[in-house]
Amino acid sequence: MADDATPRRQGFGTRLAHMGRAPLRERGFVNPPLVRGSTVLYPSCEDRRATAKRRLEQVLMYGTHGGPTHFALEDAIAEIEGGTRCQIYSTGLAAVAVPLLAFLSAGDHLLMPDSVYGPARHLCDTLLRRYGVETTYYDPTLDEGGIAPLFRPNTRVLYLESPGSHTFEMQDVPALARAAHARGAKVLMDNTWGFHHFQPFAHGVDVSIQALTKYAVGHSDVLLGSATVATDADWETLRTASTTLGQYASPDDCWLALRGLRTLKVRMEAQEAAGLAVARWFAGQPQVKRVLHPALPGAPGHEIWKRDFTGAASLFGVVFQPRYSEADIFRMVDGLSLFGIGASWGGYESLALPTTNFITRTATSGDLGGPAVRFHIGLEEVEDLIADLAAGLQRLDAG
Ligand SMILES: *Cc1c(COP(=O)(O)O)cnc(C)c1O
């Protein structure tokens, strides 16, 4: 322990290696056991009643309330994000949907960034609208003064996602959160890109949402989500809605996410460095108009990223020169041998996804100045990825 009275906070890698496990309580095995179950038995009726009264705590009540494997993952995610309590969901999308249902009621108004994850927009435009919640989409780059006039007396939630899906706009989270809190609105944020590199609760967020499907799991084989809060009142709102809606995730999947967390730091560091190397390479190619990577100096939102984030995901956009057609872009991407064509990200393998004519924008133009492709960089060697991409750029010009 250091000389000053406060113990030194251990490094992230150290904490990842030790969180959520107690080997000597588990008969010596390094990892916590995988516990499956629906029914939980009690020694007496009185004991069962007493447990039910503590439903907001991590108590064993019934399978849907979670068990030891869920609790270990809940604790790990809450610690990583700097919150107090965490609810695990079966997908990232469920982790978006349930907090919105928890904090909104019929007659309420919701502010959504125009760059929000597409299925979240679909939820607002369909189910939430049908249930009487009105959504206004806003330019994600608005500042505190710019967003102020969009609040109405019934605005209950300001939703954030930084950087935005596909277009990578950075949001000034502390300023936007100030504007929301001054008007009594809750701040919900999709923090999947930032993950441990952005501490939501230190920047004014009330509910932090994660698609654990991405880097936490890290191997493209499990879907999982989480929502984390920092106050007892927010926990009661979130937890009550989650159990009311029967939200649950398989303990097998939670166990795999816990396993993924042990290597999260080294995977993310390697992927961050590789992602930046590929992004920098793209920025120097004549076929490229601009690169949408917040950690790249000069890129849109870089100053906010530098101020608020300690690192970056390996997911970014590349905007090609407007002379290329969609057919040119498809020819380039189809011929890549190391990049899969598909949704999701955060796994060990690289992906490429053309985004032009695929994203919806209503509050901003969404015109990036040319056709765009979203790249996810995995754990392959950077030189191999760049060789594959260089051949792809040649195909662009061969059309
Ligand atoms: C993937 C993703 C989600 C949804 O996660 P799933 O587990 O695929 O449902 C939510 N938000 C963002 C930003 C994502 O990229």
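Please read all numbers here as calculations on a predicted model, not as lab measurements. Every number for a ligand or one of its atoms is a count from 1 in the order of the listing.
Heavy-atom minimum distance, Ala279 versus Leu296: O-CD2, 4.1 Å.
For atom 6 (P) of ligand 1, the closest heavy atom belonging to the protein is Gly92 N, 3.4 Å. Looking only at protein heavy atoms, the nearest one to atom 7 (O) of ligand 1 is Thr213 OG1, 2.6 Å. Counting only heavy atoms of the protein, atom 15 (O) of ligand 1 lies nearest to Lys214 NZ, 2.7 Å. Scanning the protein heavy atoms around atom 3 (C) of ligand 1, the nearest turns out to be Tyr117 CZ, 3.4 Å. Nearest protein heavy-atom neighbour of atom 11 (N) of ligand 1: Asp190 OD2, 2.6 Å. Nearest to atom 8 (O) of ligand 1 among the protein's heavy atoms is Leu223 CD2, 3.8 Å. What sits closest to atom 9 (O) of ligand 1 on the protein, heavy atoms only, is Leu93 N, 2.9 Å.
Defined by atom type and a distance below 3.5 Å, a donor-acceptor pair is missing between the side-chain atoms of Glu161 and Ser115. Under 3.5 Å, the side chains of Gln210 and Glu81 contain a donor-acceptor pair of N or O atoms. Checking Asp234 against Thr237 by side-chain atom types alone, no donor-acceptor pair falls below 3.5 Å.
By the 4.0 Å heavy-atom criterion, Trp345 is counted among the residues contacting ligand 1.
Classification of the Phe282-Phe316 ring pair by plane angle, with boundaries at 30° and 60°, yields perpendicular.
Tracing side-chain contacts under 4.5 Å through hydrophobic residues (I, L, V, M, F, W, Y), one never reaches Ile377 starting from Val319; they form parts of separate clusters.
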